[in-house]
Amino acid sequence: MKVLVIGGGGREHAMAWKLAASARVQCVYVAPGNAGTALDRRLVNLPITDLVALRDWALAEQIALTVVGPEAPLAAGVVDDFRAHGLRIFGPTRAAAQLESSKAFSKAFMQRHGIPTAAHQTFSDPALAHAYVEAQGAPIVVKADGLAAGKGVVVAMTLAEAHEAIDFMLLDNRLGVVHNAQGARVVIEEFLQGEEASFMVVCRDQQAVALATSQDHKRLLDGDQGPNTGGMGAYSPAPVVTPQVHARAMREVIMPTLRGMAADGIPYTGFLYAGLMVSPNGHIKTLEFNCRMGDPETQPILLRLKSDLLELLWAATDPQTSLANIELQWDRRSALGVVLAAHGYPLSPRSGDAIRGLPEPGGLDAEAMVFHAGTRLEGDKPVTQGGRVLCVTALGDPLRQARQRAYDIAEGIQFDGMQMRTDIGHRAL
Ligand code: AMP
Ligand code: GLY
């Protein structure tokens, strides 16, 4: 069968690479893809980003299954449209994707269904928002309501930072947030302490299969310093998710969410990603939902997945197949991915820098993979194209060995202005 992956980042490279390994897959198209997917002979890049044109192409090509990588096409309703035309696609509908696309929606949803999360209030009037943070005090967290490519959250350690965040989210919109129908809004919430984990499941309606756990590194610089980014590295599994925490996450967050969505008349199908804060005594609160897999978490997670991804997503899009008996097989070793980011990332990433020292395609053993993200081919030479450029991912046991391998490979790769954290995995070592 022919399958289509929508997106062009590191997550989509990893998904396409894994789907292509399935015996049932003849070809994986990636729209629009990147230099890494262009260089893999089993993958074909498709330079279509318009969703209607993509749907017409998928109909003409008889695409058997479409998998959506990023949130923007989901929030734009790509699943509703493909399904309305009889195409098989894995992901939430536009209404269900509000769990990610509107912080105000997801906070109200969690409150209504008793899902543990930080106390909060939503504001569109800056004066009321300013008064609220004055009353609450710092530290406090200010979040833009709409999609902001991972940059719409300010963890304000002082009141001054909180006031500034309110103004630039509600008044200037310097972040370029995609506002929801209600216009500019912010969610202001209680600051939580603990350790974060990324908890992802594959689900359909009220059934869920958990993927391996992981932990992301959101800050740009070593020691968790500097601005928030989409993620500078990740590893799997995350030891903070003990079997007890895992059971709690399923019982207190994932299952009530799927039941709540069904009860509200918007059943959820797709990847569901709960960002969890795990307190020292093992209690959990939900920081956010994403309606897709994480990037870069996907890269180490899929390097560890031994089961067939196509079979999993095929079952998840077949109403006749129960997900209850699916047992995924994972490599027992850890996997760790280090992001190499462009000059100027996250605020003003530069494009067009030549990338040198990439391993030949197929030049690495099965224990490591350089996933491409912001790259494109200029002639036959890969150059940078935006924020996160590559994610060098390796397996190893213990985690220290995965980390050593990933950094050994990363050391051979260069481009001007390259940014890389040197401490990925530090919480688990
Ligand atoms: P979010 O997009 O909501 O996950 O927020 C991005 C990042 O901000 C999270 O990964 C956390 O590191 C941090 N964050 C979000 N909400 C809180 C909170 N209530 N308390 C502390 N840190 C938070
Ligand atoms: N790495 C965090 C995310 O994908 O949202």
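Indexing begins at 1, ligand by ligand and atom by atom, following the structure's order. Predicted model, so just to flag it, every value in this text is computed and none were measured.
- The atoms of ligand 1 that sit less than 4.0 Å from any heavy atom of Glu196 are 9 (C), 10 (O), 11 (C), 12 (O).
- Defined by atom type and a distance below 3.5 Å, a donor-acceptor pair is present between the side-chain atoms of Glu195 and Gln215.
- The parts of Leu287 lying near ligand 1 are both backbone and side chain, judged by heavy-atom distances below 4.0 Å.
- Between the side chains of Gln206 and Tyr268, no donor-acceptor pair is found at a separation under 3.5 Å.
- Counting the atoms of ligand 1 from 1 in the order shown, those under 4.0 Å from a heavy atom of Glu189 are 16 (N), 17 (C), 18 (C), 19 (N).
- Contact annotation: for Gln193 versus ligand 1, there are no heavy atoms closer than 4.0 Å.
- Under the 30°/60° scheme for interplanar angles, the aromatic rings of Phe123 and Tyr132 are found to be tilted.
- Ring geometry for Phe105 versus Phe109: interplanar angle under 30°, hence parallel rather than tilted (30 to 60°).
- Residue contacts with ligand 1: Lys218 is placed with a nitrogen or oxygen under 3.5 Å of a nitrogen or oxygen of the ligand (distance criterion only).
- Every protein residue with a heavy atom nearer than 4.0 Å to ligand 2 is included here: Asp216, Lys218, Gly230, Tyr273, Asn290, Arg292, Gly294, Asp295, Pro296, Glu297.
- Every atom of ligand 1 with a heavy atom of Lys143 under 4.0 Å away is listed here by number and element: 3 (O), 15 (C), 16 (N).
- Aromatic pair Phe415/His343: ring centres not closer than 6.0 Å.
- Atom CZ of Arg112 is surrounded by more than 12 heavy atoms from other residues, nucleotides or ligands within 6.0 Å.
- With no hydrogens or angles considered, a side-chain donor-acceptor pair links His426 and Asp224 at under 3.5 Å.
- At least one heavy atom of Lys103 sits under 4.0 Å from some atom of ligand 1.
- Using modelled atom types, one finds a donor on one side chain and an acceptor on the other under 3.5 Å when comparing His163 with His130.
- Considering both main-chain and side-chain atoms, Phe191 never comes within under 3.5 Å of ligand 1 through any nitrogen or oxygen pair.
- Using a cut-off of 4.0 Å between Lys/Arg side-chain N and Asp/Glu carboxylate O, Arg11 and Glu297 are scored as not salt-bridged.
- Each of the following atoms of ligand 1 lies closer than 4.0 Å to a heavy atom of Glu190: 18 (C), 19 (N), 20 (N).
- Looking at Leu192 against ligand 1, both its backbone and its side chain come within 4.0 Å, counting heavy atoms.
- Within a 6.0 Å radius of CZ in Arg251, other residues, nucleotides and ligands contribute more than 12 heavy atoms.
- Heavy atoms of other residues, nucleotides or ligands lying less than 6.0 angstrom from CZ of Arg405 number more than 12.
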